[in-house]
Amino acid sequence: GSGFRTIVINPFKLDEIQTKNGRQLSCPMRTLAHEMGHAVSGWRDEFQGPTSVISLWENPVMTPIDGVIRTGYDFGK
């Protein structure tokens with residue numbers, strides 16, 4: 001392959017996410033940061049903890065912007 005990946009998000013779909021301050025709605029920028037982490041790393045959402053897309057891509061990009069620290073996934077929702 002070329003190494004390129006296509007990221008498609010719906011900017012009008014706001015997901016609830018687990019954060020240090022309880023459940024909150026995500027914003028489109030956070031969704032994009034998360035999906036960019038998947039595109040760059042090739043990781044799936046099954047990986048959690050300190051080496052997850054949330055920990056290594058989404059939070060470092062978004063926490064300085066929105067002050068939110070996401071803590072995990074909602075599997076099985």
Between T63 and V68, which heavy-atom pair has the shortest distance, and what is it? OG1-O, 2.7 Å
Sorted by chain and number, sequence neighbours left out, side chain to side chain contact (heavy atoms under 4.5 Å, CB included) with P28 holds for P11, L14
May I ask whether L56 and V40 are part of the same hydrophobic cluster, defined by side-chain heavy atoms of I, L, V, M, F, W, Y residues being less than 4.5 angstrom apart, directly or through others? yes
Is a donor on one side and an acceptor on the other found under 3.5 Å between the side chain of D15 and the backbone of S26? no
Got a donor-acceptor contact below 3.5 angstrom from the R23 side chain to the L25 backbone? no
With a 4.5 Å heavy-atom cut-off, do [X] and [Y] have their side chains touching?
X	Y	value
Y73	I17	no
V53	S41	yes
I69	N59	yes
H34	R70	yes
E16	Q24	no

Between CD1 of I9 and CE of M36, what distance do you get to the nearest 0.5 Å? 10.5 Å
Find the distance between CD1 (I54) and OG1 (T71) and round it off to the nearest 0.5 Å. 7.5 Å
According to the salt bridge (Lys or Arg N to Asp or Glu O under 4.0 Å) rule, which pairs have a member within residues 29-42, sequence neighbours left out? R30-E58, R30-D66
